[in-house]
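Every chain is numbered from 1, with letters handed out A, B, ... down the list of sequences. Predicted, not measured: the structure shown is a model, and the values here were computed from it.
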Amino acid sequence: MDKTDKPRVRFAPSPTGQLHIGNVRTALYNWLFARKTGGSFVLRIEDTDVERSEKRFETQLMEDMKWLGLDWDEGPDVGGPYPPYRQSDKMSVYRSYADRLIREQKAYYCFCTAEQLERERQQAMAEGRQPIYSGKCRELDRDEAERRRTDGEAAAIRLKIPEHPIRFHDIVRGNVEFSNEVVSDPIIVRSSGMPVYNYVVVIDDADMKITHVIRGDDHISNTPKQVALYEALGLPVPEFAHLSTILGPDRERLSKRHGATSVANFREMGVLPEALMNYLALLGWAPSGGDREIFPEDDLIREFSLERVTPAPAIFDNDKLNWLNRHYLKQSPPERIHSLAAGFLQRAGLLPETADQSITAWANRLIDLLAPYVDRLEQLPQRASIIFHTDPQAALASEENSQVFANEKAIVVVQGFGPRIANDSPLTAERFKAVTNEIKAETGAKGKDLFHPVRIALIGSHSGPDFDRLIPLIEEGSRLSLPVHVESVRERVQEFLAALEQRK
RNA sequence: GUCCCCGUCGUCUAGCCCGGCCUAGGACAUCGCCCUUUCACGGCGGUAACACGGGUUCAAAUCCCGUCGGGGACGCCA
C-alpha cells in the first residue's frame with residue numbers, strides 16, 4: 001500500500017494552557033491508531049483564539065508530548081507535506097474558501113448583531129423552542145447584502161445548513177443523525193474577518209488529508225455543521241471517532257478542582273510517563289478478553305483498535321494510576337529511578353545540588369530502600385524523614401506510640417540499648433542485631449514487643465524498612481556531610497531516652 | 001428547555017453487534033489469611049454489578065419500547 005492510502009490523523013490542541021489529561025488521552029488514541037496502522041500522526045496548533053493563545057504554551061505542549069513519548073510525523077516544528085501547521089499562518093486560505101462559498105451561494109452575509117441574536121436565543125429557550133438562528137439574513141437579496149457591506153455595515157458569514165437530516169458515521173458510536181431543524185446556520189467568519197474554529201478545523205483537516213478525526217465527544221454536536229461544510233465544499237468527509245469525557249469522582253467533567261489534571265502536574269508528582277500512558281489507554285479502551293492491565297508501548301500499539309473504544313464516560317481513578325506507577329517504578333532500571341528520585345530529594349533540601357561519589361552512592365541506597373514504599377516519587381522526601389528527622393517528643397505524642405510505651409517493658413527495651421552501643425563506632429547491622437538479641441534474652445520481649453519500641457525510638461514509627469539495611473544507612477549517613485544532619489543510632493537512642501525521662 | 005451521547009461490582013472494564021458456553025470474567029480499591037523477629041512488598045482467598053419497568057423468545061446482560069439517572073451541546077470560544 002502506498003503511504004498516501006494510509007490513515008492520517010491529527011491532534012489539534014489550542015495553546016491556551018497546560019496540556020490537560022483528557023487531551024492527552026485523545027492524543028494517545030490518535031497516536032496509537034497511527035502507529036498501529038502505519039499511518040501519519042499530525043500535530044496542528046489551533047491558535048485562532050488570538051486573545052488566549054500563547055507561544056509558551058505551545059512550547060510546553062510539545063515538550064509534554066515528547067516526555068510522554070508521543071512523537072509526531074508532521075507539525076509546526078518538523079514541517080510536512082501540507083503546511084502550515086499553525087492556524088495563525090493560514091488566514092488567507094480560510095478567506096478564499098469563504099469567498100468561494102459566498103460566490104456559490106452556499107454561504108451568506110449575516111448582519112444580525114450579537115445583542116439581537118442573544119435576545120432571539122433567550123426567547124427561543126424560554127418558549128421551549130430549539131435555540132437556533134432564525135435564518136433571517138439567509139433570504140437577503142445578494143445585491144442588497146453587497147450594498148450594505150460596501151456601506152460599511154459589519155457582516156459575519158454563515159454557512160447554509162441543508163434542508164435534510166445530516167448523518168455521519170462514528171467508529172465509537174455507530175451512525176449518528178441530526179435533524180437539520182436543530183442545527184443553526186453556523187457563522188464561519190466573524191464580522192471582524194477572523195474565521196471561526198468550526199470552520200477552520202474542516203478546512204485544515206481537508207487540506208491535510210485527514211482520514212480519521214479522533215477527538216473528544218464534546219465535539220459531537222459540532223459534527224453536523226462540519227459535515228455540512230465538507231459537503232458544501234465538495235470535500236470528502238472523514239471517519240469520526242468521538243471519545244467519551246473523563247470525569248472526576250463526582251461525575252463532573254475532570255477539572256482543576258479535582259486536583260492534578262495536567263501532564264506537568266503528573267510529571268512533578270513523580271509519575272512515570274509509561275504509567276500515565278498505560279493508565280490512560282485503559283481509560284476508555286480494553287483489549288479483547290479484557291483481562292490484561294500492564295501494557296508497555298509496543299503491546300499497546302499491537303493491541304489497540306478504535307472499534308474497542310468504549311462510548312461511556314469514565315471516572316479518573318488515582319488509585320489505579322498509582323498502582324500502575326508503582327509497577328513501573330519497580331520495573332525501571334535502578335539508575336533511572338536514582339536520578340529521578342535524587343531530584344526530588346534535592347528540591348526538598350535533603351541532598352546537596354552537587355554530590356560527591358560517597359554521597360551519591362549513599363543516596364542511591366537510600367532510594368532503593370524507600371522507593372518500594374511510594375506510589376509517586378514526590379512522596380520520597382516525606383518517607384525519607386525517618387532518616388533525616390528525629391523528633392522523640394512528637395513520636396511519643398502519637399496515640400499509637402504512647403500505647404506501646406504504656407508497657408513498662410518497652411521502656412526497658414530501649415534503655416537496654418543505651419550502654420550497649422555507647423562505645424560502638426561505627427555500629428554495624430550485625431552488632432545491632434546482636435545487641436537486640438541480648439535485650440531479647442534479658443527482657444523476654446520478642447516480636448512486636450521487642451521491635452516496635454526500638455523502631456519508634458529510632459525512626460518515630462513502629463513500622464518501616466528492615467533494620468539490616470536501615471542501620472548501616474543511618475550510621476553512614478551520620479558521617480556524611482549532608483544539608484540536613486543525619487543523627488546516628490546512638491544519638492537517636494539517647495535523645496529518645498531523654499524524652500522518655502522528661503515525659504514522666 | 002431542546003437536541004445528542006451514555007448507563008455491567010465503589011472505580012476501570014470483559015461479555016452485548018452475531019440471544020443459550022454467564023452460577024456474569026479480570027484489574028484497582030476494600031476485607032481476611034499467609035509470608036515478614038515491624039511494616040510495606042509479595043502470595044492466597046472473600047465481599048461486591050447486568051439502573052428500573054414492560055415486551056419479543058423455549059431462552060435476554062445481550063434484541064425492541066418506555067421510564068429514570070448521568071454527561072455533553074445549543075457562542076461572532078476552542
ring centroid sep under 5.5 Å plus plane angle under 30, A/His219 with B/G72: no
For [N], give its Watson-Crick or G-U wobble partner with both distances under 3.5 Å, or none.
N: B/C74; result: B/G1
N: B/C28; result: B/G10
N: B/C33; result: B/G43
N: B/C18; result: none
N: B/G53; result: B/C65

Expressed as a whole number of angstroms, how long is the span from A/Phe316:CZ to B/G10:P? 21 Å
Sequence neighbours excluded, which residues qualify as side-chain contact (heavy atoms from CB on, under 4.5 Å) partners of A/Arg100?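 A/Arg100 satisfies side-chain contact (heavy atoms from CB on, under 4.5 Å) with A/Tyr97, A/Arg103, A/Glu104, A/Leu233 only.
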By side-chain contact (heavy atoms from CB on, under 4.5 Å), which residues pair with A/Pro249, not counting sequence neighbours? A/His258
Under 3.5 Å, is there an N or O donor on one side and an acceptor on the other linking the side chain of A/Tyr373 and the base of B/C39?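 Yes.
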base_contact_polar (B/C3 base, A/Ser221 side chain, donor-acceptor, <3.5 Å): no
How do A/Trp285 and A/Arg158 order along RNA chain B: which one's closest nucleotide is nearer the 5' end?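 Whichever sits nearer the 5' end wins; that is A/Trp285.
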Could you tell me the separation between the CZ atom of A/Arg158 and the OH atom of A/Tyr133, rounded to the nearest 0.5 Å? 5.0 Å
N-O pairing of A/Lys225 and A/Asp185 below 4.0 Å: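 No, no charged N to carboxylate O under 4.0 Å.
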Identify the residue among A/Thr261, A/Ile315, A/Leu247 that makes a side chain to side chain contact (heavy atoms under 4.5 Å, CB included) with A/Leu254.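 Single side chain to side chain contact (heavy atoms under 4.5 Å, CB included) partner of A/Leu254 among A/Thr261, A/Ile315, A/Leu247: A/Thr261.
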Test A/Pro13 against every option in A/Asn23, A/Asp64, A/Thr26, A/Leu43 by the side chain to side chain contact (heavy atoms under 4.5 Å, CB included) rule and name the one that passes. A/Leu43
Between residues 167-179 of chain A and RNA chain B, which residues have a heavy-atom gap below 4.0 Å? A/Arg173, A/Phe178
On the nucleotide B/G42, are OP1 or OP2 found under 4.0 Å from the side-chain N or O atoms that A/Lys330 carries?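 Yes.
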